[in-house]
Each structure stands twice: as C-alpha cells, then as structure tokens.
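Data first, discussion second: the structure below is written as structure tokens.
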Amino acid sequence: MRDTPDAVMIYAAGFGTRMRPLTDHMPKPLIEVAGKPLIEHALELVRDVKPARVAVNLHYRAAQLAAYLEGSEVTPLIETPDILDMGGGLRAAADVLGTAPVWTINPDVLWRGPNPLRVAANAWQPERMDALLVCVPMAQTRARAGAGDFTIAADGQLRQGPDCVYGGVQIIKMDRLLKEPVGPFPIQPLWAEMAAAGRLHGTLYPGTWCDVGTPDGIAVAEEMLQGV
C-alpha cells in the first residue's frame with residue numbers, strides 16, 4: 001500500500017456561524033479575501049502539490065459551492081441530511097480518496113510562507129506516524145481567539161498544550177477511519193488514540209497564519225498577506 005499522500009480532502013461543509021452575517025446567504029468558503037474566495041486560496045495550495053484526487057465535502061448552501069467548483073478537478077461530496085463532522089466527512093470520502101494516507105486542509109485559514117501541504121509532506125514519516133498536524137506557534141498566528149491546542153515534544157509527538165495552534169492541514173492514514181461506520185463523528189477522538197500510542201505528531205510552520213473565522217478576520221488576513 002502507498003504510504004505517502006497523493007489525495008486531498010478539503011473541508012467545506014461547515015455552517016460558518018461565526019462569520020455571520022456574511023454567511024447568511026453564502027457558504028463561508030465563497031467569502032472573498034484579497035480578491036478571491038477562501039476556497040480558491042485553498043485550491044491554489046492543493047494544485048501546487050499535484051494530487052491525483054481531490055474531494056471536497058459540502059453541506060451548508062452546498063449548491064452554491066458545487067456550482068463554483070463545476071468543471072474543476074475537485075469531486076464534490078454533498079453531506080445530507082446531516083453534516084458528518086471532520087471524521088465522518090473524511091470516512092465518507094474514502095471511495096474517492098482511496099486507502100493510502102491523505103492530506104486534509106481547512107479553507108477558512110490563510111498562510112503566508114511555504115505551502116503547508118509541502119511542509120507536511122517533507123516532515124511525514126509513515127513508519128512513526130499515523131497523523132502529522134501542521135502547527136503554528138502562537139506568536140505567528142493572527143486573529144486567533146483563545147489559547148493554543150498542542151505542545152510538540154522534542155521527538156515531534158503532540159500532546160495538549162498552549163504552545164501552538166493546529167493550522168488546519170494534516171496528513172492522516174485512512175486505516176483507523178475505515179474501521180468506523182459511515183456517519184457523523186469527530187476526528188479528535190482518533191487523534192487522542194494516536195497520541196496515546198505515540199503516533200500523533202506535529203511539525204511547526206515557519207511562516208504566519210490567520211484564522212478567517214469572523215468578519216474581522218478578513219482585514220487581518222489581507223494585511224498579513226501584504227506583509228503588514
């Protein structure tokens with residue numbers, strides 16, 4: 001079985017509640033930042049690594065996002081009637097993505113620096129890892145509300161802690177997910193299982209990162225992209 005990623009899952013099914021009122025009539029991935037929709041910023045990163053397959057999960061105002069993606073290389077997967085969460089959404093995409101490790105990316109954050117998908121690929125060691133999360137030191141985050149998510153040990157293992165934020169890009173093996181029944185479930189319990197086994201690792205992002213989770217985050221992200 002292939003042990004390096006050649007497929008990408010883009011998470012785009014969320015309701016964007018923190019982004020209201022902008023999301024009252026459109027899905028969050030279609031909100032423009034620096035002249036293009038958030039989903040397009042993510043697609044540029046994805047296309048740079050030239051994956052064989054790309055899937056995107058849709059739920060809230062799915063028709064709008066599906067229309068935007070029509071004719072592209074992306075396979076849309078509409079979650080209905082219920083949203084499936086990160087774990088369930090990735091599990092449901094297995095028929096498109098395959099059984100080898102995959103990248104996942106959240107389109108509601110922006111990066112200034114190297115492509116985080118490449119940062120993950122360069123640090124990926126499948127013999128030691130079941131998942132590798134790209135994490136951002138707190139000092140390099142913008143528009144982040146709250147404390148950090150993780151601390152990275154000297155050997156790269158992750159544990160809960162205040163030092164860095166999960167940036168929204170990872171490489172994850174599919175075998176644990178494929179043992180789960182199709183349906184809604186979060187990914188965090190799987191991360192916890194991996195951490196307990198010493199198989200959840202992190203790598204630090206060398207650039208800056210912005211959470212575009214609220215309307216105020218748009219201007220902050222645009223300033224970051226301009227180098228301000």
query = Between L43 and V74, does a side-chain contact (heavy atoms from CB on, under 4.5 Å) hold up when you go through it step by step?
reply = CA-CA 9 Å; L43 286 170; V74 180; 3.6 Å; yes
Y11 vs I105, side-chain contact (heavy atoms from CB on, under 4.5 Å): CA-CA, chis, key distance, verdict = CA-CA 6 Å; Y11 285 118; I105 183 169; over 6 Å; no
inquiry  = Assess the residue pair E73 and R53 against the criterion (salt bridge (Lys or Arg N to Asp or Glu O under 4.0 Å)); give the C-alpha distance rounded to whole Å, side-chain angles, the decisive distance to 0.1 Å, and a yes or no.
reply    = CA-CA 8 Å; E73 72 277 31; R53 297 169 302 284; over 6 Å; no
request  = Test side-chain contact (heavy atoms from CB on, under 4.5 Å) on V134 and W111 and set out the steps.
outcome  = CA-CA 12 Å; V134 178; W111 310 76; 4.0 Å; yes
task = Please test V56 against L77 for side-chain contact (heavy atoms from CB on, under 4.5 Å), starting from the C-alpha separation and ending with a verdict.
result = CA-CA 6 Å; V56 58; L77 301 171; over 6 Å; no
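Here the straight-line distance linking atom CD1 of I152 with atom SG of C164 works out to 4.0 Å at 0.5 Å rounding. The CD1 atom of I39 sits 12.0 Å away from the CD1 atom of I31 when rounded to the nearest 0.5 Å.
Scanning for salt bridge (charged side-chain N to carboxylate O under 4.0 Å, His left out) contacts around E32 gives an empty result, with sequence neighbours left out.
In this structure, P29 and L65 have side chains that are in contact, with non-hydrogen atoms separated by less than 4.5 Å.
Across all their heavy atoms, I172 and T104 have their closest contact at CG2-CG2, 4.3 Å. Closest approach of V109 to N106, counting heavy atoms only: CG2-O, 3.6 Å.
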Show me the donor-acceptor pairs within less than 3.5 Å that the side chains of residues 84-98 make with the rest of the protein, sequence neighbours left out.
| residue | atom | partner | partner atom | Å |
| --- | --- | --- | --- | --- |
| R91 | NE | L177 | O | 3.3 |
| R91 | NE | E180 | O | 2.9 |

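Annotation: side chain to side chain donor-acceptor pair (under 3.5 Å) contacts involving residues 127-140, sequence neighbours excluded, comprise Q125-R128, D130-R176, D130-R199. Residue pairs that meet the ring-ring contact (aromatic ring centres under 6.0 Å, His included) test with at least one member in residues 134-184, sequence neighbours left out, are Y166-W191. The stretch residues 62-72 participates, sequence neighbours left out, in these side chain to side chain donor-acceptor pair (under 3.5 Å) pairs: E40-Y68. Under the salt bridge (Lys or Arg N to Asp or Glu O under 4.0 Å) criterion, the residue pairs touching residues 201-212 are R18-D211, with sequence neighbours excluded.
Cluster annotation: L132 and W209 are assigned to the same hydrophobic cluster (Ile/Leu/Val/Met/Phe/Trp/Tyr, side-chain heavy-atom contacts under 4.5 Å, transitive).
For R144 and D149, the salt-bridge test passes: some basic side-chain N is under 4.0 Å from an acidic carboxylate O.
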